[in-house]
Amino acid sequence: MSAIFSHCTPITSDKAASLSSSFSGHNLWRSAQLPGKFCSTISVSSPASSPALRSRIACQISSSSAATSPPSSSVNVQAKSGQKDFLHISDFDKATILKILDQAAEVKALLKSGDRTFLPFKGKTMAMIFAKPSMRTRVSFETGFSLLGGHAIYLGPDDIQMGKREETRDVARVLCRYNDIIMARVFAHQDILDLAKYATVPVVNGLTDYNHPCQIMADALTIIEHIGHLEGTKVVYVGDGNNVVHSWLLLASVIPFHFVCACPKGFEPDEQTVEKAQKAGISKIEITNDPKEAVRGADVVYSDVWASMGQKEEAAHRRQVFKGFQVDENLMKLAGPKAYFMHCLPAERGVEVTDGVIEAPNSIVFPQAENRMHAQNAIMLHLFGL
């Protein structure tokens with residue numbers, strides 16, 4: 001893929017110094033996006049080899065001449081004027097979610113083209129808190145932030161011991177004095193809420209025991225790429241009613257599609273989250289204990305591990321309870337020849353899904369994994385107002 005940029009007004013060094021955007025009580029540079037130009041959005045529509053390649057860059061010059069200042073923290077947690085964290089998908093309306101997904105596709109196309117001149121995160125740092133380790137979350141955030149010009153700092157489980165060695169509210173107020181954005185992958189959902197409450201910079205939910213919004217944004221992007229649209233599709237999740245299911249339900253409370261969760265009795269998703277999605281009246285929501293009936297007519301069949309991190313002591317018991325909920329070739333046949341298979345990974349092949357299903361032509365688990373980076377880049381661009 002490639003990108004051809006429309007003409008933008010050149011910016012002198014004096015002019016560039018005055019370009020800034022107010023966000024979360026301090027100014028953020030918006031001039032470090034393309035050399036000699038100030039650009040606010042990108043749209044890339046087709047591969048470089050295609051004569052139909054079209055792209056646009058909307059360029060503007062800010063009239064503001066306000067000086068920049070470093071990220072700052074305040075004991076007064078109400079001082080977060082206008083800040084938007086990314087904690088739950090349902091915190092945003094349909095138009096905003098679709099806008100983020102559009103930008104994810106545009107920036108993905110730009111990166112795929114090999115162009116490395118779009119550097120909106122230049123001069124910015126991100127603190128990445130990992131109470132739970134993860135290959136995909138770390139590499140996708142760190143690589144994505146770096147490709148767009150920023151610098152990410154990894155803070156592992158032993159680096160902070162948030163809530164043990166130091167209170168979450170203190171961690172938040174310290175880190176936001178050094179960094180422009182915080183991403184956290186934690187166990188307790190209250191930890192991400194507290195980080196967002198006390199930090200004066202944007203906080204991104206990299207995963208909690210309750211939800212996994214970045215994953216579902218990547219999933220939505222993947223479905224749009226392969227099916228052409230998300231609205232009106234039938235997505236069937238087979239397995240444990242976990243944090244991934246909760247984020248699917250929250251997305252279904254904003255964007256209309258048919259979502260079915262097929263799980264064993266006693267492993268249904270959170271009742272309040274199901275009720276919220278159903279009461280929104282946006283999507284058709286079904287919770288069932290019959291996976292064979294659930295997958296009929298599905299556009300997407302989705303699975304996840306039966307025992308998540310922190311539940312491994314239950315793994316043997318869950319394997320017994322979840323018998324009949326493995327996504328195998330027979331279940332995919334019931335879904336139909338056009339059904340795609342998705343999995344948020346890591347997968348236990350031979351447990352919740354067979355090797356044959358993951359390796360089948362209609363499996364899109366690896367494009368799905370790649371899209372974590374692109375969806376997260378777009379989320380951060382949105383939070384920065386870029």
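If you're wondering where the values come from, they're calculated on a predicted model, not measured in any experiment.
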Taking NZ, NE, NH1 and NH2 as the nitrogens, is one of them in [X] or [Y] under 4.0 Å from a carboxylate oxygen of the other?
X      : Y      : result
Glu352 : Arg318 : no
Asp194 : Lys197 : no
Asp91  : Lys84  : no

Around Glu329, counting heavy atoms of other residues, nucleotides and ligands shown, do more than 12 lie under 6.0 Å from its CD?
yes

For residues 152-162, run the donor-acceptor check on the side chains, cut-off 3.5 Å, and write out each pair with its distance to 0.1 Å, sequence neighbours left out.
unit_1 : atom_1 : unit_2 : atom_2 : d
Asp159 : OD2    : Gly156 : N      : 2.6

Under the ring-ring contact (aromatic ring centres under 6.0 Å, His included) test, which residues partner [X], sequence neighbours left out?
X      : value
His317 : none
Tyr210 : His189, His246
Phe141 : none

Show me the donor-acceptor pairs, under 3.5 Å and distance only, between side chains in residues 214-222 and residues at least two apart or in other chains.
unit_1 : atom_1 : unit_2 : atom_2 : d
Gln215 : OE1    : Arg372 : NH1    : 3.2
Gln215 : NE2    : Asp219 : OD1    : 2.8
Asp219 : OD1    : Gln368 : NE2    : 2.8
Asp219 : OD2    : Tyr302 : OH     : 2.7
Thr222 : OG1    : Ala218 : O      : 2.7
Thr222 : OG1    : Asn371 : ND2    : 2.9

Residues forming a side-chain hydrogen bond (donor to acceptor under 3.5 Å, both in side chains) with Lys234, sequence neighbours excluded:
none

Whether Phe322 and Trp306 hold their rings parallel, tilted or perpendicular, with breakpoints at 30° and 60°:
parallel

Only pairs under 3.5 Å count here: list side-chain donor-acceptor contacts from residues 256-267, not counting sequence neighbours, and write none if there are none.
unit_1 : atom_1 : unit_2 : atom_2 : d
His258 : NE2    : Glu286 : OE2    : 2.5

Would you mind listing every salt bridge (Lys or Arg N to Asp or Glu O under 4.0 Å) that reaches into [range], with sequence neighbours excluded?
range            : result
residues 374-386 : none
residues 271-285 : Glu275-Lys279
residues 144-153 : none

Just do the ring-ring contact (aromatic ring centres under 6.0 Å, His included) check on His382 and Phe92 with the steps written out, would you?
CA-CA 11 Å; His382 175 76; Phe92 300 87; 5.8 Å; yes

So which atom in Gln326 and which in Val351 form the shortest heavy-atom distance, rounded to 0.1 Å?
NE2-O, 2.9 Å

In short, Lys323 meets Arg319 closest at the heavy-atom pair CG-O, 3.4 Å

Qualifying residues under salt bridge (Lys or Arg N to Asp or Glu O under 4.0 Å), relative to Arg136, sequence neighbours excluded
none

Just by distance, with hydrogens left out, do Asp115 and Thr117 show a side-chain donor and acceptor under 3.5 Å apart?
yes

Taking ring pair (Phe, Tyr, Trp, His ring centres under 6.0 Å) as the cut-off, I'd like each qualifying pair that reaches into residues 328-364, sequence neighbours left out, listed once.
His226-Tyr340

